[in-house]
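Quick notes on the structure that follows.
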Amino acid sequence: MIDEVKDNSRWWLLAAMGAILGVILLDETVIAVALPSIQSDLGVSTFAAHWFVNIYLLVLAVLACAAGRFADVIGARSLLIGGLVIFGAASTYGGFAADGADLFAARLVQGIGAACIFPLSIFVITVSFPEEERGMALGIYGAIGTCLLALGPLVGGLLTEYLSWRWIFWVNPPIVLLVAIIGWTFWRDPEQLPKEPFDLPGLVLLLAGLSALVFGIMQAQEGHWTEPTVALPVVGGLILLALLVVVEKRKAIPLIAVDLFANPAFTAYNLIIFAAQFSKMAIFIFGAIYLQNTLGVSPVIAGAALLPSVAPQILTSPIIGKTTDDNGPRAPALIGVLGVAVGIAIMAVGSMLSSFLVFLAGLLVLGLVMPALFIPPQNAILFIVKPEMRGQASGLAMTSQLMGGTVGMAICSTIYASTGSASWVFGVTAGVAFAIFVYALLATRSPAPQ
């Protein structure tokens, strides 16, 4: 009976962690088709509306890498439940936002909650399943998240058009409450390992440096790059991030193991993951804006039109996973990042020609290849480094992914504000992906030594 209860509990935990991953991913994309309605309803500028997306991504990117260390202090169970409460409360408040400041605050706090949840959801599954079932469990976990991610634009469109954009926030609390009940009921922290010292200086430098850099890039929408309000934050952010590298190299147990990036292959695979999240911002946020503002379609049609970029991933993910197992990660990762460059370039051409069919063809290419920017690089990263560094490497891969979204949103927002054209956003994004493809092609030519 004990074994049966234990067996049932891990499946309950898998379902709950997959669901909350889906909600976190949903909140990256569900807001995309609602942005024009939010902007109109709250009377905010395009600059402010884009910050509703990026503040969530920024806080999530910076704090997620520290969640594991926070869990050492207060326990994984307490931090997970606390993160769920924070996320659910912020979602509820966001739905009642009376102005832009309210919604900005809600999205910031949502990011804090998501940063507590995201890494710990992976930890819960890893601990709950034996090694021989762990890959299968993580695959199911990812598939649940991908399904909800795929529904994000359509759900956002349906809620915005037939109810209100406020419901994109109000759908979260019931799911969060259910996950919290399951987590509190079935999860118990494993025996604690010796606590490692927390790298507070590293966290402060990362938060300050990345925040200043992203703020400066976003501020370029309101002025020129040479203006102090733009140049000073950008330069200051770069200096702080350079100082972070110096500080982390001297730490015995750093927040970010920067020495790993001395390996060109490790850097290349992290850049591919970065490109994946960068590209998602262009596809979902500015794809939705283009469809509504330029082609004049409704939020529902915009959400449905974006589905080809995600729906095929449910089918292609296992195929790409098996190909990676059989043939290694290099070829599928390179094909993936090149495919994304081609897909977004087709979107750019379609938007320039005002051809919905060409635009749709680009989305379909992206839907077929996008999993190759996650599965093979993540697999490669774990086997490039020494076994004792795999935990750090996995955390860096997650940080690269989240920072790709944050920096990508900042750059794409600035390009759109400067040009007024989604075609430029897609073109520059395609260029970034192609540049990363060229670097990765050269950096991964020979197996990297451990």
Checklist entry - Okay, side chain of Arg330, backbone of Leu441: is any donor-acceptor separation there less than 3.5 Å? => result yes
Checklist outcome for this item: Smallest heavy-atom separation, Gln39 atom then Ser45 atom, equals NE2-C, 3.7 Å
Checklist entry - Is there a donor-acceptor pair closer than 3.5 Å between any side-chain N or O of Arg107 and the backbone N or O of Ile55? => result no
Next on the checklist: Do Leu241 and Val245 have side chains that approach each other closer than 4.5 Å (heavy atoms only, starting at C-beta)?
Outcome noted: no
Next on the checklist: Pair Tyr290, Ser423 - check side-chain contact (heavy atoms from CB on, under 4.5 Å), show working.
Outcome noted: CA-CA 9 Å; Tyr290 165 74; Ser423 301; 5.8 Å; no
Checklist entry - Where do Phe52 and Val44 land on the side-chain contact (heavy atoms from CB on, under 4.5 Å) test, with the steps shown first? => result CA-CA 11 Å; Phe52 297 150; Val44 298; 4.0 Å; yes
Checklist entry - Is the shortest heavy-atom distance from the side chain of Trp170 to the side chain of Ser164 under 4.5 Å? => result no
Checklist entry - At what distance, to the nearest 0.5 angstrom, does CG of Leu366 lie from CD1 of Ile283? => result 4.5 Å
Checklist outcome for this item: Value for CG (Leu271) from OG1 (Thr267), rounded to nearest 0.5 Å, stands at 6.5 Å
Checklist outcome for this item: Val340 and Ala433 have their tightest heavy-atom pair at CG1-CB, 4.3 Å
Checklist outcome for this item: Heavy atoms of Ile272 and Ala333 approach each other most closely as CD1-CB, 4.1 Å
Checklist entry - Quick one: which of Phe286, Trp424, Phe426 gives a ring pair (Phe, Tyr, Trp, His ring centres under 6.0 Å) with Tyr416? => result Phe286
Item to check | Minimum-distance pair of heavy atoms, taken over all atoms of Ser400 and Asn270 | outcome: OG-OD1, 2.8 Å
Checklist entry - Do you know which two heavy atoms are closest between Gly111 and Val59, and how far apart they sit? => result C-CG1, 3.6 Å
Checklist entry - Taking only residues at least two apart or on different chains, which pairs with a member in residues 430-440 satisfy side chain to side chain donor-acceptor pair (under 3.5 Å)? => result none
Next on the checklist: Tell me which one of Val179, Thr92, Ile112, Ile117 satisfies side-chain contact (heavy atoms from CB on, under 4.5 Å) with Phe87.
Outcome noted: Ile117
Next on the checklist: To check you understand the geometry: which heavy-atom pair defines the closest contact between Thr429 and Ala282, and what is its length?
Outcome noted: OG1-CB, 3.5 Å
Checklist entry - Relative to the ring of Trp165, is the ring of Phe169 parallel (under 30°), tilted (30 to 60°) or perpendicular (over 60°)? => result perpendicular
Checklist outcome for this item: One should read off an interatomic distance between Leu338 CG and Leu373 CG, to the nearest 0.5 angstrom, of 10.5 Å
Item to check | Student check: side-chain heavy atoms of Leu158 and Trp167 closer than 4.5 Å | outcome: no
Item to check | Spatial distance of atom OG (Ser37) from atom CD1 (Ile168) [nearest 0.5 Å] | outcome: 9.5 Å
Item to check | Side chain Ser351, main chain Ala348, donor-acceptor under 3.5 Å | outcome: yes
Checklist entry - At what distance, to the nearest 0.5 angstrom, does CG of Asp99 lie from CG of Asp41? => result 11.5 Å
Next on the checklist: Please determine whether side-chain contact (heavy atoms from CB on, under 4.5 Å) holds for the pair Leu353 and Phe359, giving the CA-CA distance in whole Å, both sets of side-chain angles, and the decisive distance to 0.1 Å.
Outcome noted: CA-CA 9 Å; Leu353 298 175; Phe359 187 83; over 6 Å; no
Item to check | Spacing of CG belonging to Leu84 relative to CG belonging to Leu79, to within rounding of 0.5 Å | outcome: 9.5 Å
Item to check | Test log, rule side-chain contact (heavy atoms from CB on, under 4.5 Å), inputs Leu360 and Leu364 | outcome: CA-CA 6 Å; Leu360 199 62; Leu364 184 58; over 6 Å; no
